[in-house]
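To start, the structure under review is shown below, and the notes come after it.
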Number of protein chains: 2
Amino acid sequence: MTRTDTQTAILDAAQELIQTRGANGISYQHISDMVRIRKASIHYHFPTKEKLVEAVLRRYRVQFLGVVDAIVASGVSAPAKLRRYADLFAATLREGAGLKVCLCGMLGAELATLGRPAVAQVQRFYRENAERLARILRQGRASGTLHFVGDPRTAGMVVFSALEGAMLVSRADGGIRDFRRLRDQTLKLFGA
Amino acid sequence: MTRTDTQTAILDAAQELIQTRGANGISYQHISDMVRIRKASIHYHFPTKEKLVEAVLRRYRVQFLGVVDAIVASGVSAPAKLRRYADLFAATLREGAGLKVCLCGMLGAELATLGRPAVAQVQRFYRENAERLARILRQGRASGTLHFVGDPRTAGMVVFSALEGAMLVSRADGGIRDFRRLRDQTLKLFGA
DNA sequence: GTCTATAGCGCGATAGAC
DNA sequence: GTCTATCGCGCTATAGAC
């Protein structure tokens with residue numbers, strides 16, 4: 001499990017490239033151009049491209065959900081949690097050089113070309129995020145700080161998929177400015 | 001502008017493939033497998049892959065916006081228009097064999113790998129859809145049938161990007177069933 | 001663990017017969 | 001308009017030296 005600096009650097013480059021161009025839009029050469037390593041040497045750390053994508057996915061999911069869980073466990077109000085959660089997406093979008101979408105938003109689009117393990121990782125990311133959001137929404141409604149109708153689980157999926165869609169659309173057109181507008185308006189719909 | 005049967009068949013196959021696998025996940029061979037034509041012959045109708053993607057995009061945008069404009073111009077209430085609009089996305093998702101996402105949702109993800117003309121087409125699709133939605137929302141608020149706070153233009157973008165995100169996420173996990181739940185809950189947020 | 005070299009394949013695109 | 005044949009390239013992946 002202990003990861004070397006080289007492995008981390010490869011994962012960093014691969015993740016950034018996938019979030020920008022998609023898994024089908026990159027090659028080992030692209031990674032080699034970013035990391036000080038020859039493309040053949042990448043296979044020593046990650047034998048196939050499929051394994052590399054899986055490794056990127058696993059790290060991303062664990063890291064992202066860790067931050068989400070910290071937000072859920074924090075003592076702030078439900079609207080504040082919702083706001084912090086949405087800011088994770090804003091931070092992702094601005095991260096690095098160009099605009100990046102969520103790794104799992106990108107791989108969700110490319111789902112039909114991924115292997116079974118990668119597909120399972122993407123599905124798990126979606127479910128776990130929606131579940132955390134459902135908890136926040138349930139808490140907010142119980143304490144009277146959030147207002148919405150219907151099942152909190154569905155509402156959690158709505159918030160999650162709306163943010164994924166907002167990243168995708170705002171990257172193409174208005175960038176982070178538009179994303180913030182979409183985020184604010186979306187949160188308002190839940191009374192936050 | 002008159003299109004032959006062969007050109008239409010190629011565009012149909014290319015569109016279906018792109019909506020499922022993405023532009024970077026398909027090849028002329030994939031199209032050749034679906035249409036009764038050799039892969040080299042496709043170049044006669046669409047000289048490069050980039051031109052083919054552009055042609056698919058243009059046809060999709062014109063066709064989709066045509067239906068949207070018919071909904072906008074129809075005499076039904078704003079909530080009914082919103083509902084019919086959302087049903088276009090549900091229909092797209094179920095269309096054909098496997099689950100398909102919106103062509104421009106898919107190409108939005110792959111935006112960084114597309115040529116300038118294709119990028120412009122995707123942006124235009126986003127803008128035009130958000131603009132039509134803004135009109136519906138404005139009408140609904142004025143007539144007291146829809147309820148939301150803030151700028152109708154931003155709200156239009158919210159509805160559009162939420163539906164794009166809902167397609168993406170529900171394709172990965174619960175399919176059309178989940179999409180309908182997301183659609184219903186989203187419309188409720190606007191009082192529809 | 002990283003390198004050079006290369007196998008082996010699929011890709012987009014072109015040439016030229018029909 | 002469609003075909004066969006092929007070019008040239010980039011891709012993932014492997015072999016073997018260091």
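Since we're looking at a predicted model, the values are computed, not measured.
When the P atom of C:dA13 is taken as reference, atom CD1 of B:I31 falls 11 Å away, rounded to whole Å. Put simply, NE2 on A:H43 is 13 Å from C1' on C:dT6, counting in whole angstrom units.
With no hydrogens or angles considered, no side-chain donor-acceptor pair links A:T4 and A:T6 at under 3.5 Å. With hydrogens and angles left out, the side-chain atoms of B:K81 and B:Q139 include a donor and acceptor closer than 3.5 Å.
The outermost nucleotides of DNA chain D lying under 4.0 Å from heavy atoms of chain A, listed 5' to 3', are D:dC11 to D:dT14.
Within the structure, a side-chain polar atom (N or O) of B:Y28 is placed less than 4.0 Å from OP1 or OP2 of C:dA13.
Because its NZ or CZ atom is not both nearer than 6.0 Å to the ring centre of A:F179 and within 45° of the ring axis, A:R171 does not count as a cation-pi partner of that residue. Figure legend: cation-pi geometry between B:R183 and B:F89 absent, as NZ or CZ is not positioned both under 6.0 Å from the six-membered ring centre and within 45° of its axis.
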Decide yes or no on side-chain contact (heavy atoms from CB on, under 4.5 Å) for A:C104 and A:F64, but give the supporting numbers first.
CA-CA 11 Å; A:C104 292; A:F64 196 91; over 6 Å; no

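Using a cut-off of 4.0 Å between Lys/Arg side-chain N and Asp/Glu carboxylate O, B:D184 and B:R83 are scored as salt-bridged. With respect to the salt-bridge test (charged N to carboxylate O, under 4.0 angstrom), the residues B:R127 and B:E131 do not qualify.
As judged by a 4.0 angstrom heavy-atom cut-off over every strand, A:I26 is placed among residues touching the sugar-phosphate backbone only. Within 4.0 Å of B:S41, counting heavy atoms only, lies at least one base atom of the nucleic acid.
Nearer the 5' end of DNA chain C, as judged by each residue's closest nucleotide, is the contact made by A:Y44, out of A:Y44 and A:A40. Comparing A:H45 and A:K39 along DNA chain C, the residue whose closest nucleotide (by nearest heavy atom) sits nearer the 5' end is A:H45.
Remark on the helix from C:dG1-D:dC18 to C:dC18-D:dG1: inter-end axis angle 0°, axes from five-pair C1' superpositions, rounded to 10°.
Pairing each heavy atom of A:L107 with each of A:A23, the nearest pair is CD2-CB, 3.8 Å.
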